[in-house]
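Here the structure is a predicted model, which is why all the values come from computation and not from measurement. Values reported hereafter were calculated over all heavy atoms of this structure, with side chains retained and with hydrogens, waters and symmetry mates removed.
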Amino acid sequence: MGWWTGFEKPSAIQQRGIVPFCKGLDVIKQAQSGTGKTTTFCSGILQQLNYELLECQALILAPTREPAQQIEKVMRALGD
């Protein structure tokens with residue numbers, strides 16, 4: 001069990017952001033902390049990856065180490 005336990009309904013940002021992201025569209029979203037922004041773009045990236053390719057297919061830039069580690073945690077959890 002982890003932080004993702006209990007996902008039942010996507011937040012507003014997730015409802016509006018995941019589908020356009022998965023369609024390959026450029027997506028810019030802004031929302032308050034704790035609304036699911038990271039989960040939104042991580043889900044979109046994971047949906048577009050070709051898991052047969054062993055090369056870089058996505059690059060996520062973060063302003064500092066703390067959000068980079070947070071993004072890595074979400075990406076690994078969703079990827080599992």
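- To the nearest 0.5 angstrom, Q70 atom CD is 9.5 Å from C42 atom SG.
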One pair to check against side-chain contact (heavy atoms from CB on, under 4.5 Å): T40 and K29. What are the steps and the verdict?
CA-CA 10 Å; T40 301; K29 298 288 180 182; 5.8 Å; no

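- Note on F21: it clusters hydrophobically with M75, by side-chain heavy-atom contacts below 4.5 Å among ILVMFWY residues.
- Not a single donor-acceptor pair under 3.5 Å links the side chain of Q14 to the backbone N or O of K37.
- A 4.5 Å side-chain heavy-atom check between F41 and I60 finds at least one atom pair inside the cut-off.
- Although no hydrogens or angles enter the test, the distance criterion places a donor-acceptor pair under 3.5 Å between the side chain of Q15 and the main chain of P10.
- Residue-environment remark: CD (Q47) stays at or below the threshold of 12 foreign heavy atoms within 6.0 Å.
- At least one donor-acceptor pair closer than 3.5 Å links the side chain of S11 to the backbone N or O of T35.
- No continuous path of hydrophobic side-chain contacts links V19 to V27 [ILVMFWY only; heavy atoms under 4.5 Å].
- Atom CD1 of I13 and atom CD of Q32 lie 10.5 Å apart (nearest 0.5 Å).
- Of all heavy-atom pairs between Q57 and Q48, the closest is OE1-O, 4.5 Å.
- If you take CD1 on I71 and CZ on R76, they are separated by 13.5 Å, rounding to the nearest 0.5 Å.
- The neighbour count for L54 CG, taken as heavy atoms of other residues, nucleotides or ligands under 6.0 Å away, does not exceed 12.
- Linking Ile, Leu, Val, Met, Phe, Trp and Tyr whenever their side-chain heavy atoms come within less than 4.5 Å puts L78 and I45 in one cluster.
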